[in-house]
Amino acid sequence: MTNAPAALAKPRSQWADVWVQFKSHKGALVGLFVFVSLVLFVFIGPMVWTKDPTFINPDAVTMIKTRNKPPSIEFPLGTDQLGRDMLARMMKGGQTSIAVGLTAMVISITLGTFVGVMAGYFKRLDNALMRLTDLFLALPLLPLLLVMAMLFRAPLSKAFGPEGGTFLLIVVAIGLTSWMQAARVVRGEVLALKEREFVLAARSIGTPSRRMILRHVLPNVMSPIMVAATLGIANAIITESALSFLGLGFPPDFPTWGRLLFDGAEYIQQYPERVIWPGVAISLTVLSVNYIGDGLRDALDPRIRGR
Amino acid sequence: MLTFTLRRLMFAIPTLLFISLLIFLLVDLAPGSPMSQIPLTVPPEVRLKIMEAMGVNEPVMVRYLLWLKQFFVVEPLVLWDHWFSTEYSAGMQRIVSWQSRSPVMDIVVQRLPQTMTVIGTSYVLGVLIALPIGIYSAYRQYSWFDQLGTFIAMIGFSVPTFFTGLVLILVFAVNLHWFPSIYDTSLRVTDWASFMQQVKQMAMPVMVLALYNAAQISRYMRSSMLENLGQDYVRTARAKGLTERVVVLKHVVRNSMIPVVTVIALGIPSIFGGAIITEQVFRVNGLGALLIGAIQGSDLPTVQTLTFIFAVLIVLFNLIADILYGLLDPRIRYD
């Protein structure tokens, strides 16, 4: 009896268990690998490949000579119509695109979780907050995003600089228009959690609402939040590149993958690779993030495995 | 069911009013609004005249109410007059575009056919592709067909439509010269040759949108089928000695279609939004192109009206989906 506990294997924590499950999903593992390599390429790459992505040769003759170059040792992905190095631009563009995706996701998840927890936990707020969510779900999002981009771009660029202003605008606009799904899912989970015995136990010893939410509710709704978060990254990256593609995103000096695609579309007949590279980068990122989300969902919720 | 429908309709009205107010205020009070863009060198009295001519010298609320009246009273009356050749709307002021100085609704009516043919065909095609794929994937779960279907569906909704569109242009227009890369709106279908030309120019935008829609709908169909295939009534049907064909196609598919039909209804307004991008890629002269043009030209009445039309579509199809769900599934009782 005394040495029985020693014979038992060390108990796995919940997240170690999730990782074991996650590893068994091949697509998710490949997705994770691809996503990490893309992030490394984009953020570590510029330290190795130190060409300036916005460098235009001031000498006009050299500039014209280095325009529209095919791939070579000096320019592995060629140059664009102003002689700028495409590899460096791809890295810089990826930094912005991935940063937009992550920041917008954080905003939308924070907002969605807040609304969801409030609506699920406090009965008084439930009706009002859910009506608000329904209202937001009925908004035509892409047209509204386009309108917001048109109206607020100039003033924000003036206030925060062209890059900072546009970044702020796009991130906030995407965050404000994509929190509804997360809020609905979180609310449902919170409503179910509230009926559980441990919540009753915690309440019966007089735990105040604030600690109740932070200690008991939030940690238990982490799994749907994480799944919503991965899908949120994919959604934000696609939305940003769509805005840039319609010419209402970042200004041309600050490349993003969507902007590069937009610039390359004009030259699609002569230099198709300029469309292919950024397009493949966007697609790979979104695809890998979606696979990670799939794997996470399976790992976190065994009931829906294989659906 | 009737009371439920009425209740939902009653709720749709304040929703739409609120959304219209939101759109109106957002466009109107934004710091970048074109009313603040009249150059400072313009003398104040001329500026006042310009503002008056554009109808923007009134307070916001007055203009909002006027716009509401124009949208909900004048425009339907114009439509009524057009259909029944009456004269109710004579002398009433319509919503006028700042760019073209013609009524916004007239432009919308001009642009609608292009959008409808492309979107309608692609959605129908997408559904027709998605349903068999979803059914077969679920029936043979984890088979190579299912794995392939899952993979293609994943690609279908991960690859953004503007990239698929450009790749198709590259392959079919630039390299193979099969299809034109630009949509010709003035083409009239009169004979077989012009019909083939229409088919050719619609092929690429329809392919892009159909792939995207099929990817999503086939996933819904598959998971709905999987849910039903494990039910007791399927075992009963097999035990009765029904053929596999009857069990799957008559019993399971019918029941699995219930949630899928609502998903299909819910997806219609969102593909109008998605079509904005596709129309831009293939230069289809439809509603999306109209919106982009109006945004770039700071044509506020057109932007407000179009955005609101999109909102009406969303609310309408949400309502239709809810009612369909109640009609198709007798287990759902709203009252």
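In what follows, chains are A, B, ... by sequence order, proteins preceding strands, each numbered from 1.
Taking both residues in full, the closest heavy atoms of P143(A) and F310(B) are given as CG-CD1, 3.6 Å, listed atom of the first, atom of the second, then distance.
Going from atom CD1 of I237(A) over to atom OG of S158(B) covers 11.0 Å, rounded to the nearest 0.5 Å. Taking CZ from F157(B) and CG from N290(A), the interatomic distance works out to 6.0 Å, rounded to the nearest 0.5 Å. To the nearest 0.5 Å, the span separating CG on L135(A) from CG on L22(B) amounts to 8.5 Å. Distance check: F163(B) CZ to I238(A) CD1 gives 12.0 Å after rounding to the nearest 0.5 Å. We find the CD1-CG distance between I292(B) and L248(A) to be 6.5 Å, quoted to the nearest 0.5 Å.
Annotation: cation-pi pair R131(A)/F11(B) present, NZ/CZ under 6.0 Å from the ring centroid and within 45° of its normal.
Of all the listed residues (L287(A), L246(A), L142(A), V275(A)), the one sharing the greatest number of non-hydrogen pairs under 4.5 Å with chain B is L287(A). Contact count versus chain A (heavy atoms, under 4.5 Å) is highest, among V303(B), V167(B), I276(B), for I276(B). Considering only heavy-atom pairs separated by less than 4.5 Å from chain A, the leading option among V315(B), T161(B), I314(B) is I314(B).
Heavy atoms of A234(A) lying under 4.5 Å from chain B are absent altogether. In this structure, no portion of F262(A) lies under 4.5 Å from any heavy atom of chain B. Using a 4.5 Å cut-off between heavy atoms, L166(B) touches chain A through backbone and side chain atoms alike. Using a 4.5 Å cut-off between heavy atoms, L291(B) contacts chain A through its side chain alone, with no backbone atom that close. Interface remark: I155(B) contributes backbone and side-chain atoms alike to the contact with chain A (heavy atom separation under 4.5 Å). The parts of V280(A) that come within reach of chain B are both its backbone and its side chain, each placing non-hydrogen atoms under 4.5 angstrom from that chain. For L137(A), the part sitting under 4.5 Å from any heavy atom of chain B is the backbone (N, CA, C, O) and nothing else. With a 4.5 angstrom heavy-atom cutoff, S241(A) touches chain B via backbone and side-chain atoms both. For chain A, the nearby parts of V159(B) are the backbone and the side chain; heavy atoms of each come within less than 4.5 Å.
Just one of T15(B), I19(B), T307(B) meets the side chain to side chain contact (heavy atoms under 4.5 Å, CB included) condition when paired with L139(A); it is I19(B).
Side-chain contact between F245(A) and V281(B) is present, with heavy atoms from C-beta onward closer than 4.5 Å. The side-chain heavy atoms of S283(A) and P160(B), taken from C-beta on, include a pair separated by under 4.5 Å. Taking the side chain as every heavy atom from C-beta outward, D294(A) and M154(B) approach each other to under 4.5 Å.
Around atom OH of Y136(B), no more than 12 heavy atoms belonging to other residues, nucleotides or ligands sit under 6.0 Å away. Environment of CZ in F41(A): crowded, with over 12 heavy atoms of neighbouring residues, nucleotides or ligands closer than 6.0 Å. Shown here is W67(B), whose CH2 atom has more than 12 heavy atoms of other residues, nucleotides or ligands within 6.0 Å. Crowding of F33(A) atom CZ: a count of heavy atoms from other residues, nucleotides or ligands under 6.0 Å not exceeding 12.
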Exercise. In sequence, state the C-alpha distance, the side-chain angles, and the governing distance for L144(A) and L26(B), and then conclude on side chain to side chain contact (heavy atoms under 4.5 Å, CB included).
Key: CA-CA 9 Å; L144(A) 266 192; L26(B) 176 73; 3.7 Å; yes
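Residues satisfying the side-chain contact (heavy atoms from CB on, under 4.5 Å) criterion with L266(B), sequence neighbours excluded, are N318(B), A321(B). For V312(B), the side-chain contact (heavy atoms from CB on, under 4.5 Å) partners at least two apart in sequence or on another chain are L16(B), F308(B).
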